[in-house]
Protein chains: 2
Amino acid sequence: MIRMIRYDQKYGTKKILKTMVTKSDITKRQEQLLEELNKYEDELSGQELHRQLIESGKLMGLSTVYRNLQILIKQGLIRSRHLPTGEVLYTPVDRDFHHLTCVQCGETSKMEGCPIKDIHTPKENTRKFQLLFHQLEYFGLCQNCYQAQN
Amino acid sequence: MIRMIRYDQKYGTKKILKTMVTKSDITKRQEQLLEELNKYEDELSGQELHRQLIESGKLMGLSTVYRNLQILIKQGLIRSRHLPTGEVLYTPVDRDFHHLTCVQCGETSKMEGCPIKDIHTPKENTRKFQLLFHQLEYFGLCQNCYQAQN
DNA sequence: CATCAAAATGAAAATGAAAATCATTTCTGT
DNA sequence: ACAGAAATGATTTTCATTTTCATTTTGATG
Ligand SMILES: [Mn+2]
Ligand SMILES: [Mn+2]
Ligand SMILES: [Zn+2]
Ligand SMILES: [Zn+2]
């Protein structure tokens, strides 16, 4: 939060001329969420995060967790991805990794490195977009499941 | 389904020696699902697909729709992606496009062309994987929402 | 410090897509 | 035709997420 304040010589008072909310404007709750997400190497679901917060003594209602996760996404501070099961996982936006997932058994392995790290994202598409993050996931059959299929 | 059949001269009977189930082994239901998905340029959710099938006179229970969509995915014939809302959209696997999605209003625009079309997917990761499809989505703020935020 | 309005919170209820159940139907090989 | 196996679908269940709304917190102002 940035405030532009004018001092009134006549009355010796101060007046807020303008209030600018910047991207770095994080509430206490949001800070707690971010802090908790950073504590774990893995992504966390909303439910897991809620549980962990309580264990850490940071009491917080479930609605508040979900509400503020959405805000953090819109602020470009975290990103989310859906598991095939429907759960949504959250992670700080600066962690750039992706996964291989078996469509049969759900086994997931993290890929180190991002294949599109230095790929040009088509300009004609992104011109109008304030890009926040990307999601890239590969799906297929793990060795076990591939063999079992025959 | 491929059958190897031996004719027994002695008894005048036929015997199935071996049955090979191949990838192209599609049941009638699965064929109907694939056919219906191909009818629409856009991806369809399970619910939408179910509705469309009924309208097309291809009566089918909802369970059967979901069951066979999963099988089609495992066979490498269709792929799926989750909307931020949680709905899952299905589309034939050979359609290679991706989306930009606004994290604020949900507006989605299709990107023509695939940025990773000819990118090498890290070998050390995919060696053990029978790759079926990939998912790539960009998230950010559309022009409207970006401006409205300030 | 007191006041008041606006914003945030959270307990509880509602939502809804997807999964599970299970009685019934269809298929398949002999 | 017969018997076991597989598939189907009406229905119920699940459960992560959203919505509701009464209460609490915040923050500007005098
Ligand atoms: Mn990446
Ligand atoms: Mn692609
Ligand atoms: Zn597997
Ligand atoms: Zn938008």
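Values below: every heavy atom of this structure, side chains too, minus hydrogens, waters and symmetry copies. Protein chains get the first letters and strands the later ones, always in sequence-line order, with residue 1 at the start of each.
Listed by first and then second residue, the salt bridge (Lys or Arg N to Asp or Glu O under 4.0 Å) pairs involving residues 43-61 of chain B are B:Glu35-B:Lys58, B:Glu36-B:Lys58, B:Glu43-B:Arg81 (not counting sequence neighbours).
A close approach under 4.0 Å does occur between a side-chain nitrogen or oxygen of A:Asn68 and OP1 or OP2 of C:dT9. Within the 4.0 Å cut-off from OP1 or OP2 of D:dT18, not a single side-chain nitrogen or oxygen of A:Tyr66 is found. Between D:dT17 and A:Gln70, no contact under 4.0 Å exists linking OP1 or OP2 to a side-chain N or O.
Among C:dA11, D:dG9, C:dA18, the nucleotide with an atom closest to any side-chain atom of B:Val88 is C:dA18. Distances from the side chain of A:Ser63 to the nucleotides D:dT8, D:dA16, C:dG10 place C:dG10 closest. When the nucleotides D:dT17, C:dA19, C:dG10 are ranked by their closest atom to the side chain of A:Leu62, D:dT17 comes out on top. When each of D:dA16, D:dT20, D:dT18 is scored by its nearest atom to the side-chain atoms of A:Glu87, the top-ranked nucleotide is D:dA16. For B:Arg29, the listed nucleotide lying nearest its side chain is D:dG9; candidates were C:dA19, D:dA16, D:dG9.
Mapping B:Gly61 and B:Pro84 onto DNA chain D via the closest heavy atom, the residue that lands nearer the 5' end is B:Gly61.
A:Tyr90 does not carry A:Arg95 over the face of its six-membered ring by the limits of under 6.0 Å from the centre and within 45° of the normal.
Rounded to whole Å, the distance from CG on A:Leu53 to P on C:dT9 is 13 Å. As a whole-Å value, the separation of B:His50 NE2 from C:dA19 C1' is 15 Å. If you take CD1 of B:Ile26 and P of D:dA7, they are 13 Å apart, rounded to a whole angstrom. Rounded to whole Å, the distance from CZ on A:Arg67 to C1' on D:dC21 is 11 Å. Spacing between atom CD1 of A:Ile54 and atom C1' of C:dG10 amounts to 11 Å, rounded to whole angstrom units. Going from atom CG of B:Leu89 over to atom C1' of C:dA18 covers 14 Å, rounded to whole Å. Straight-line distance from the CD atom of A:Gln32 to the P atom of C:dA8: 15 Å, rounded to whole Å. The nearest whole Å value for the distance from the CD atom in A:Gln47 to the P atom in D:dC15 is 11 Å.
For the 3.5 Å distance criterion, the side chains of B:Gln52 and B:Tyr40 qualify, holding a donor opposite an acceptor. A donor-acceptor pair shorter than 3.5 Å cannot be found between the side chains of B:Ser109 and A:Lys128.
If you look at B:His134 and B:His98, their ring centroids are closer than 6.0 Å.
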